[in-house]
Amino acid sequence: MHIKFERRVEYSRKILISVPVITIALSILISSALLLILGKSVPLTMYSFFIAPFESFYSITEIFLKFGPLLLIAQALAIGFRAKVWNIGAEGQMIMGAIAASAVPVYFVDSTSIFLLPAMLVLGAAGGMGWAAIAAFLRTRFNANEILVTLMLTSIALQVLYYLLLGPWKDPQGFNFPQTVLFQDEALFSPLFQATRLNTSVLIPILFTIGAWVFMEKRFGGFKLQVGGLAPNAAIYAGFSAKGAVWRSLLIAGFAAGLAGMSEVAGPIAQLQRSITSGYGYSAIIVAYLGALHPIGIIFAAFFLAVIQIGGDVALVSAGVPISAVHVFQGLLLVFYLATYTFVNYRLRILRPGKSLPVGATS
Amino acid sequence: MSDSSTTPLLSLRKVSKRYPALIANDQIDLDVMPGSIHAVLGENGAGKSTLMKLIYGVIDADGGEFIWDGERVELRNTATARQLGIGMVFQHFSLFETLSVVENISLTISGTRKELAKRVRELGATFHLEVDPEASVHSLSVGERQRVEIIRCLLQDLKLLILDEPTSVLPPQHVRSLFDALRKLQSNGVSILYISHKLEEIRELCDTATILRGGKVTGIVNPNEKTARELATLMIGRNIPQIEARAHKRDTDTPILEITHLNAKNPDPFGTHLSDINLSVYGGEIVGIAGVSGNGQQELARIISGEDLSHRLSDATIKMLDRPAAALSVTDRRNLGFSFVPEERLGRGAIPPMTLSQNTLLTAYEKGLLNNGFIRKDKLAEYASQCIEDFDVRCSGIDANANSLSGGNLQKFIVGRELMLKPKLLFVSQPTWGVDVGAAVAIRQRLLDLRDEGVAILVISEELEELFEICDRLHVIRDGTLSPPLISSKVTPDDIGEYMIGTANSSDNLSPGVKESTYAHQV
C-alpha cells in the first residue's frame, strides 16, 4: 500500500470553506493538549478564549477595536499576496504611518484646528506608502527580494521609533518615559460609545474592504494583479507590467498599514509610544491566509483573530494562561492552514498493489 | 526478423494508468517479440508516452501485469527496468551540457573513463553511432546527443530500447543514419519500441505497430501492409479532413513586418545568440521559420512579440506596419495591429485556473470589454461565446477553466481570441504543437483563409510538413542565424535539412531555383 497526492482538476467551494473550519478545529485540539501538559484547565481556557469576550458590551467593543486594524492590513496584504508580492513588513509600514501621523500633534501641541485629524490621515497613509516604496524600488530596480527587504525595514522602522521616543519627540513632562505627549482631542477619533475605546476609525477598514472587493472582483487593475500572480508569463505576454504590479501591491499595503498605525495613535493609545502596533502587521498575514485571500473571507478571519486576542487577555487573568498562548495559537492556525490548504489542490489516494482498475472509472 | 522465438520479450496484460481527469492507459495489451522494431502509434494525448514510462518504471501502473521473458515482473522503478535490460531515450535528453560524453556516461555506468571511452568508440563503430567520447555535450548537435543516449543504453546489457519520438528533433538527413543504427541493433537481437506519430517513418522502419487512441489499443497491424492513410484513420478514428490551399499573391508592395540586422546576445552562456537576422513578411503571405528546437526560435519569438525588450535594439531593427517598433511595448504593438499566439498555451497564452471568459481579457480588453476600468462581464461572455462558436472550441462553456480544455481546443480558443482582434500582422509560434489532427487541420485552414484576406502571417514550427502545407516562403533558423528566404514550392525537405545542419552554403546540394530571387530582398 502506498499513499499519494493527486492534483485536483475541479476546485470545490465546499473544500475551500471547510479548510478554515478544520484548521481552527485542529488548532484548538493541539492547544488543548499543550494546556493539559501545562496543567491548566482546558474548559476554563476555552471559555475565556471564545465565550468570555462576548460577555460584556465593553469587551465586544474591544473586539471591534482589534478587528479594525487586522481587517485593514489583511485586506491590503491579500491583494499583494494574490499578485505573489510577499510583503511581510506591514508591521514596519504601520510604525512609519504612526510616526508620520504623530508629527502633527507633536509639532502643533497647542493647535485645536479641525484639520489636525485630516492632516494625520494623509501623513499616516503617506508614511506607510513611503516605507513600502523603498521595498518596491529595491525590488524593481535591483531585483532585491521583497520578503527580506520588508522584514528588515521593519527592524529599521522600530529603531527610528525608539530614537524619536528617546530623543527629539520625548514628552518633556513625561518622567523620562519613552513616549510623546498625550494628543489633544482634536487629534483623536471620537469614541463611538460612552466609556469605550472603540472610535470612528473603524469605518476606515470597512470602507477599505468594500474598495478591495470592488478592485479585485470588478476592476481591470485587480485582474492584472491576479494574472501576474497566477501566470507571470501570461502577464508578460499580455503586456501587463510586472514592475507595476510590485509597486501597486506594496503601495496599497503601505497605504493601509500606515492608516492602521495612524488609527492607533489617533485612537486608543492617543500618543506615540513603543508598543503601538500590537503585532497587527504580522497577525494580518495569518488573517489574510485564513480568509483565503478573499475580501469576504478576510472579514470573518479578522473577526476570529480579534476574538482570540481579547480572549487571550481574559485567559491570562481567569485561567492563568501565559499571554504567549495567543501567539502559539496563531502560529498553529497558520501551520494547520497551510497544511490543510494542500487538500484544496490535491486529493489523497491510497493505493493497494494489484488492485485492477474498474472499467470506465473516473475520479 | 532475426529471431523466430514465439515467446514475447515483453508482454503487457490489461495495464492501466489513470490520472484525475482522464484514463491515460485503459487495459492495454502489448506484445514485443525479440528482435522486433515495434511501433506504438497514436496522436498527441493517446497515451503513448505514459505507456512507455510505465514500462521503464518512471511511473507506477494502477493495474495490470508485466511479463518479461515469460515471467511476471514488477516494474517499480527505473533501476529494475535497467536490470532487466530495458533502456529508454526520452524526447528531452538527460545529459549534463557542461560535462564530456564519457563523463556523462560514467555517472550511471561503472568503469574507468579510459575503458568507457574505448567502448564508446567500439560501439559507435559497430552500430553507426560514431561520437567523440571526449567532446563536451554542449558542443554536440542534437543528433550526436541522441547517439550518446543510445550508447549509454547499449553499455548495459540492452534487450529492449524505447525511443520516444526520436526523429522529432532531427533534420531529415540525420533520420537516415538513425534508422541505419536501429536496424543494426535489431540484427543484433535488440528489440525496439518506437513511439511516433509519423506514419511514413513507421511504415519504413517497423514490423509491427500497436495503435493507441484515447488510451486504448485500437489495432495491431503490420504497417508495411497499410497505407499511411489507413494508419491515420486507425489513429484518429475517422477520415482526416483535407486542407484547401489556393494560390495567392502578395497583397502589399512593402513588408508589413520587416526585421533588419537584428543581433541579440543571450545572457545565458549556453543560450542561443541571435545574429544578423533579416526577415520580411508581406500582406497576404505566410512566411515560415523551420529549424530544430533550441536554435533561437524562442529568443526570436520573444523579441518579435515585444515580451523581451531587454536588448535595446535600435528603432529601425524591427518595423511593423511601416512603423519602427523595436522599442514598442507588447500593448503598443498590439495597438498597431499585431497579434501573437505563443507556443506555450497554459501559463502564457492563457491563465490556467481562470475561465475562458476571463481569459479573453488578457489581450482583447480594448475591444469594448471595459468601462472606465470596470470589467463588463456581459461583454466578456459575448466575446468568449462568439470565439467558442466561431472556432469550434469544445468545452463546457464560457465558464470552463482554461486548464480543463484539451490542448487542441485551448489552442483553437487562443487562436480565435487573437483573430477576433482583426490583426494585420499575425505571428503564430508552433500553431499545432500537441494538437490533435482535426484541430490542427482546422487551425491551418484558418491561417490560409486569413492570408487570402490579406493578413501578413509569420509562423514558427518544427513540423516541416506543416510549413510546406501552408507557407509561401520559408526560412531555416540554425544556431541563431536565419537562412535566406526560400520559396516553399521549389524547395525540398532535404534542402531544408541542409540548412538545419549547416551544410547548405558549403555545398551545391540545393535544388535549383530554391533561393528567392523574384523579389529584391532589402537589407
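Heavy-atom basis, side chains included; hydrogens, waters and symmetry copies ignored. A, B, ... follow the sequence lines: proteins, then strands. Residue 1 opens every chain.
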inquiry  = Do the side chains of B:E344 and B:R302 get close enough for a salt bridge, i.e. N-O under 4.0 angstrom?
reply    = yes
Region of B:R333 in contact with chain A, defined by heavy-atom distances below 4.5 Å = neither
remark   = Those residues of residues 356-377 of chain B that come under 4.5 Å of chain A on a heavy-atom basis, listed by number, are B:Q358, B:L361, B:L362, B:T363, B:Y365, B:L370, B:N372, B:G373, B:F374, B:I375, B:K377
key: Short N-O contact, B:K14 and B:D29, less than 4.0 angstrom   = no
task = Work out which heavy atom in B:I398 is nearest to a heavy atom in B:A384; give both atom names and the distance.
result = CG2-CB, 3.6 Å
ask   = Hey, is B:E65 close enough to B:R13 for a salt bridge, meaning N to O under 4.0 Å?
value = no
What pairs of donor and acceptor atoms, side-chain ones from residues 286-293 of chain A against any protein atom, are under 3.5 angstrom apart with sequence neighbours left out?
none

request  = Would you tell me whether B:E299 and B:N266 have side-chain atoms, one donor and one acceptor, within less than 3.5 Å of each other?
outcome  = yes
message = I'd like to know whether the aromatic ring centres of A:Y341 and A:Y337 sit less than 6.0 Å apart in this structure.
response = yes
task = Output the option from A:A238, A:S241, A:G221, A:G239 having the highest count of non-hydrogen pairs under 4.5 Å with chain B.
result = A:A238
Per-residue contact mode, A:F240 against chain B (heavy atom under 4.5 angstrom) = side chain
